[in-house]
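See below for the structure under consideration.
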Amino acid sequence: MKRAVLLSALLLTLPLAGCSMRADTQKTVKSVFAMDTYMELTAYGECGDALDAAEDRIRALEQMLSATDAGSEIWAANHADGSAVPISADTAAILREASAVHDMSGGALSVSVYPVVQAWGFTTGTYRVPEDAEVKSLLQNVDDTRISYTADSLTVPADMQIDLGALAKGYTGDAVISMLRDAGVTSAILNLGGNVQALGSKPDGSAWMVGIAHPFAPEKELGTVRITDCAAVTSGNYERFFTDDSGVKHWHIIDPADGYPADNGLVSVTVIGRSGLHCDALSTALFVEGTERAAAHWRKCADFEMVLVTDGAEIYVTEGIADVFTNQSDMPVKVLKK
Ligand code: FAD
Ligand code: MG
């Protein structure tokens, strides 16, 4: 069942459009609640019924991908007792990306960590701190290399379950951007609960300005990045979390190495790149990897840039976006170089 509560999705990453728009530019906005988050789709210029079609596509993808919806392909694979189930090209594309980022992050992204996420109560909102023995027992069946899939079928071993929630919103954003482009839209901005994706530039030709939430005061902005034709996806520990009776905070991104909320020095990771799917997969993986491994990971890749915020209140910005990042906080910024 969906949790009706939507925490501060709109505060996570806000596209600050509109400052210097031409007054005569037509603007169409559609708000959608799906995938347990508020989404806002904004297109400029003539867009016909493209945003209605985008909403239909978002709802279709949700039905196909949701681990908690008994009609979804993922549910079917999770409840097939280890038999192969048919899947769509969409699910296959997300699984391919999940495998690739799993491998390049040393298992930091593991879609099979789902039973551990469930044990902490993050799928239902009925939070609890599981016993160490329960965590260890569940971890024995966390192993993405045991999942097998082809272009049209998926097999999840009987003692495992998977969830694509760490990267499916990114895929959804890419799908919507591609539909809008096909419909002739040249300027649009999507906010899918922390995933911002831009099509082209603002109607006046300038870059979109995207606000990054301040992880220690999420109602405020840490800073902004200026982007054109790409995605800016944030994963943080300040939105989906609970505090236990001893006052300890536990958040929803789990380190598959130990089954506990990932606590490797980072409180927020924003990934900027062309593919929303890749950025979403990476934002979760790099959060788990922590500062040093995330920096090493970035140095090996040419397809993304990032803004890291550490639990010691420092900001790291990679050199490829250093000149489009504006710091609005009092935290010091260090530039990571290749
Ligand atoms: P991200 O960092 O992008 O992802 C974190 C999420 O990935 C966690 O919440 C957890 O689910 C999972 N995860 C944690 N650690 C890891 C790891 N190491 N490797 C891989 N995955 C990990 N939420 C509900 O409460 N109810 C719903 O019915 C529901 N339906 C959804 C349906 C769809 C199709 C999608 C895409 C999401 C849905 N969600 C639902 C939200 C989902 O459970 C996640 O909370 C959400 O996608 C997290 O996105 P994020 O950007 O906050 O964080
Ligand atoms: Mg993610």
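Counting starts at 1 for both ligands and their atoms, in listed order.
Counting only protein atoms, the N, O or S atoms lying less than 2.8 Å from the Mg ion (ligand 2) are Ala166 O, Asp280 O, Asp280 OD1, Thr284 OG1, ordered by chain and residue number.
Scanning both residues, Ala92 and Ala151, for their nearest heavy atoms gives CB-O, 3.6 Å.
His250 and Phe242 have tilted rings, their planes meeting at an angle from 30° to 60° on a 0 to 90° scale. Relative ring orientation between Phe304 and His297 is described as perpendicular, the plane-to-plane angle rising above 60° on a 0-90° scale split at 30° and 60°.
Ring pair Tyr238/Phe216: centre-to-centre distance not below 6.0 Å. Aromatic ring centres of Trp120 and Tyr260: separated by under 6.0 Å.
The heavy atom nearest to atom 46 (C) of ligand 1, out of those in Gly125, Ala98, Gly170, Gly165, is found in Gly165. Counting heavy atoms only, Ala166 comes closest to atom 12 (C) of ligand 1 of the residues Ala166, Ser112, Cys279. With atom 11 (O) of ligand 1 as the reference point, the heavy atom nearest to it among Ile162, Ile58, Asp163 is part of Asp163.
On a distance-only criterion, Val111 and ligand 1 share no N/O pair closer than 3.5 Å. Distances between N or O atoms of Glu239 and those of ligand 1 include no value under 3.5 Å. The N/O atoms of Thr234, backbone and side chain alike, include none that comes under 3.5 Å of an N/O atom in ligand 1. The shortest N or O to N or O distance between Val288 and ligand 1 is not under 3.5 Å. Between Ala168 and ligand 1, not a single N/O pair is under 3.5 Å apart. Residue contacts with ligand 1: Ala108 is placed with a nitrogen or oxygen under 3.5 Å of a nitrogen or oxygen of the ligand (distance criterion only). Considering both main-chain and side-chain atoms, His252 comes within under 3.5 Å of ligand 1 through a nitrogen or oxygen pair. Ligand 1 has no nitrogen or oxygen under 3.5 angstrom from a nitrogen or oxygen of Ser283.
Atoms of ligand 1 found under 4.0 Å from any heavy atom of Thr284, numbered from 1 in the order shown, are 1 (P), 2 (O), 3 (O), 4 (O). Every atom of ligand 1 is numbered from 1 in the order shown, and the set under 4.0 Å from a heavy atom of Asp280 is 3 (O). For ligand 1, the atoms closer than 4.0 angstrom to any heavy atom of Arg240 are 23 (N), 25 (O), 41 (C), 45 (O). Here is the list of ligand 1 atoms found below 4.0 Å of a heavy atom in Leu109: 19 (N), 20 (C). Heavy-atom proximity to Thr68, at under 4.0 Å, picks out these atoms of ligand 1: 27 (C), 28 (O). Every atom of ligand 1 with a heavy atom of Ile253 under 4.0 Å away is listed here by number and element: 2 (O), 14 (C), 15 (N).
Using a 4.0 Å cut-off between charged side-chain N and carboxylate O, Glu314 and Lys334 make a salt bridge. The pair Lys30-Asp49 does not meet the salt-bridge criterion, since no charged nitrogen lies less than 4.0 angstrom from a carboxylate oxygen.
Neither side chain, Tyr171 nor Asp280, offers a donor N or O lying under 3.5 Å from an acceptor on the other.
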*Before giving the answer on side-chain contact (heavy atoms from CB on, under 4.5 Å), spell out for Thr270 and Ser283 the whole-Å C-alpha distance, their side-chain angles and the decisive distance to 0.1 Å.*
CA-CA 6 Å; Thr270 299; Ser283 70; over 6 Å; no

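No side-chain heavy atom of Tyr44 sits under 4.5 Å from any side-chain heavy atom of Val185. Using a 4.5 Å heavy-atom threshold, the side chains of Leu277 and Lys169 count as separate. Counting only heavy atoms from C-beta outward, the side chains of Ile212 and Glu221 never approach each other to under 4.5 Å.
Qualifying salt bridge (Lys or Arg N to Asp or Glu O under 4.0 Å) partners for Arg274, counting only residues two or more places apart in sequence or in other chains: none.
A cation-pi arrangement is present between Lys249 and Phe241, with the terminal nitrogen or guanidinium carbon under 6.0 Å from the aromatic centre and inside a 45° cone about the axis.
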